[in-house]
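Atoms within each ligand, like the ligands themselves, are counted from 1 in listed order. Worth knowing before you read on, the calculation uses all heavy atoms, side chains too, and leaves out hydrogens, waters and symmetry mates. Residue indices begin at 1 and follow the sequence shown.
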Amino acid sequence: MSEFHMTECIRKTKEQMPLTPDEIAALVRGVTDGTVPDYQTAAWLMAVCFNGLTDAETAQLTMSMRDSGQVMHWDMLSGPVADKHSTGGVGDKTTLILAPIAAACGIYMPKMSGRGLGHTGGTIDKLESIPGLTTALAPDEFLALVKRTGCAVAMQTGNLAPADKKLYALRDVTETVNSIPLICASIMSKKLATGADHILLDVKVGSGAFMKNDTDAAELARLMREAAKADGRQCTAILTDMDRPLGRCIGNALEVREAIGVLRGDTDNALGQLCITLAAEILRMSGKGDAETCRHMAEQAVSSGAALQRFAQMIEGQHGDPRVTEDLSLLPQSGCSRVLRAEADGYISAMNSEEIGRAGVLLGAGRMTKNDTIDPGAGIVLCAERGDAVRAGDALLTMYADREQQLDEAEQKLRNAVVISEEKPAPQPLIHHVFSDMTE
Ligand code: URA
């Protein structure tokens, strides 16, 4: 291979000339080992934001980032291994529901998850609101738990796709997060390094998501599926609505409470139905039967109590108190609460999920800076949904926080986030599109 020059890579991407696979591999090695300085990496990232990458470059970037650290293998598990990834949203607690359902149906789901980012929540923060529970599992403890219960959720280790860690930190401070090839490589390098054979991607679309419209979300889904295919994995991408929060609870312990509700059988709602759909697709990809059979299996796992039992076993295996699945009062709750009421008669025409997520952060459910501690009991419980009719004085939502001042700050944001109009809004489907081997 000829000598590597980062300036040459920047020039080529700036002039829309494709990089060779060797150049991309060397660039990723240089970013990971620190021989490429941050200012050159940042310049290249900005060139990618303006000019994009070809599909081949995106696939190569993904693979090189995957190989920058540990790549996990699950040959020791005697069954299908699946993973699910959400591109990030508000009120998204699907992993807490999906993993135990899949495990109850004979699928292994060793999940690596992250903390909340900006206005979006993270599965690790949600799980850690369960008294005693830890997500810092040693590799052998993680494996033993997955073998025993079928599912476990651990904090992503620093050695999984370390190139992404460096690139993401730079993207975050150079306004270069919002590039579809870069988002694809960031997400898929970590997913592929996690080693599952069947990958379900929940691509969020709307005001609360990275992808604001269906066209961009479909392009991201296409690129991510191509990367999975190039690595010999099966992958379905489902575009789901994030113009409204998912479910009725936003905030860590509040979301665990809602997830337990679904696992106890409360599935006749948007969150419950989405989780059944996602679980059924994981089962179908894993060879458990046709779409209808798999949906029935997922429903049965909930109605029989098997999924709830798996969740309790997983909590216990992660040193948490499994009694929370029977007694919700064991979950933390913030000391102050306030109800926000409708100021006029009408219909709820918008529930801006990004603003609701930001209000959740103000209440203490998320972080404003990396080192902030979160309040596990803080958050918002919605009393109504988009499309519902309300009368002046009706409760729209309840806020929970530790201090009255946090309620004051969040209240104004929430007033702007929930829009009441005279006209009933047109219904908006929760699932916008499914891209799978069935739809190709
Ligand atoms: N999530 C990631 O892991 N990476 C991105 O670039 C965006 C969302």
Fill in: Atom-level proximity to ligand 1, residues with heavy atom under 4.0 Å
Y168, R171, I183, S186, I187, K190, F210

Discussion item. Other residues, nucleotides and ligands only: do more than 12 of their heavy atoms fall within 6.0 Å of CG on D268?
Written reply: no

Worksheet item: Are the charged groups of R222 and D55 less than 4.0 angstrom apart, N to O?
Response: yes

Worksheet item: Which residues pass the side-chain contact (heavy atoms from CB on, under 4.5 Å) test with K165, sequence neighbours left out?
Response: none

Discussion item. For D214, give me all partners under salt bridge (Lys or Arg N to Asp or Glu O under 4.0 Å), at least two apart in sequence or on another chain.
Written reply: none

Fill in: Set of ring pair (Phe, Tyr, Trp, His ring centres under 6.0 Å) partners for F435, sequence neighbours left out
H433

Worksheet item: Does the side chain of K84 pick up a donor-acceptor pair with the side chain of T94 at under 3.5 Å?
Response: yes

